[in-house]
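What follows is a short report on a single structure.
Just so you know, these numbers come straight off a predicted model, no measurement behind them. Along the sequence shown, the residues carry numbers beginning at 1.
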Amino acid sequence: KERMNQKSFRKRYDGNREATIELDDFKCRDCGIDRETHKLKYGHDLSVFHIDGSLKNNDPSNLATLCKSCLAKRGTSLVNE
């Protein structure tokens, strides 16, 4: 499953998913929860969100790291993960 996720993430983010999480200091951009705490609390990694809503715009300036709670506050499901 993890290998499938990584392949999907590479395709979906043009390889910028992990770089985005690193640029955001491994924390949710909105609330600041860190990656490890998020994994313990929600059972999965932080999400990477397309700011403009376009899943085709994978420029790092259009990507933001968000936790499950902040993603929901923006009215977005984990589809944008």
Side-chain angles (χ1 to χ4, degrees):
K1 182 178 176 183
E2 182 65 28
R3 197 173 79 179
M4 281 182 19
N5 282 342
Q6 293 304 320
K7 185 177 180 181
S8 173
F9 291 154
R10 276 194 299 278
K11 182 178 179 183
R12 190 179 304 159
Y13 301 103
D14 293 334
N16 292 324
R17 182 182 190 281
E18 192 62 30
T20 299
I21 294 171
E22 186 174 342
L23 283 170
D24 288 336
D25 200 25
F26 304 96
K27 297 176 183 175
C28 173
R29 193 178 282 188
D30 288 356
C31 74
I33 189 173
D34 67 78
R35 189 179 216 174
E36 291 308 312
T37 303
H38 188 273
K39 285 181 181 179
L40 290 171
K41 185 173 182 177
Y42 296 109
H44 60 84
D45 202 2
L46 291 163
S47 298
V48 173
F49 175 74
H50 289 83
I51 296 167
D52 71 1
S54 169
L55 299 181
K56 294 181 181 187
N57 181 359
N58 294 309
D59 186 84
S61 66
N62 185 49
L63 300 174
T65 305
L66 294 177
C67 71
K68 182 177 180 175
S69 176
C70 291
L71 197 63
K73 287 176 188 173
R74 290 182 183 224
T76 306
S77 69
L78 291 175
V79 167
N80 209 357
E81 185 179 14

Which residues share a salt bridge (Lys or Arg N to Asp or Glu O under 4.0 Å) with Arg29, sequence neighbours left out: Asp24
Minimum heavy-atom distance between Thr65 and Thr20, given as atom pair plus value: OG1-O, 3.4 Å
Residue pair Ser47 / Leu71: nearest heavy atoms and the distance that separates them: OG-CD2, 3.7 Å
Donor-acceptor contact below 3.5 Å, side chain Asp52 vs main chain Ser54: yes
For Asp59, salt bridge (Lys or Arg N to Asp or Glu O under 4.0 Å) partners two or more places apart: none
Partner residues of Asp34 under the side chain to side chain contact (heavy atoms under 4.5 Å, CB included) criterion, sequence neighbours left out: Lys27, Glu36, Thr37
Asp45/Lys68 ion pair, N-O < 4.0 Å: no
Derivation and outcome, side-chain contact (heavy atoms from CB on, under 4.5 Å), residues Ile51 and Leu63: CA-CA 6 Å; Ile51 296 167; Leu63 300 174; over 6 Å; no
Qualifying residues under ring pair (Phe, Tyr, Trp, His ring centres under 6.0 Å), relative to Phe26, sequence neighbours excluded: none
Reported CG-to-SG distance for the pair Leu46 and Cys70, which is rounded to 0.5 angstrom: 10.0 Å
Pairwise distance CD(Glu22) to CZ(Arg17) - rounded to 0.5 angstrom: 13.0 Å
Inter-residue atom distance Leu66.CG - Ile33.CD1, 0.5 Å rounding: 12.0 Å
Whether over 12 other heavy atoms sit under 6.0 Å from Lys39 NZ: yes
Qualifying residues under salt bridge (Lys or Arg N to Asp or Glu O under 4.0 Å), relative to Asp30, sequence neighbours excluded: Arg74
Spacing of His38 atom NE2 and Ser69 atom OG [to the nearest 0.5 Å]: 8.5 Å
Aromatic plane relationship, Tyr13 with His50 - under 30° parallel, 30 to 60° tilted, over 60° perpendicular: parallel
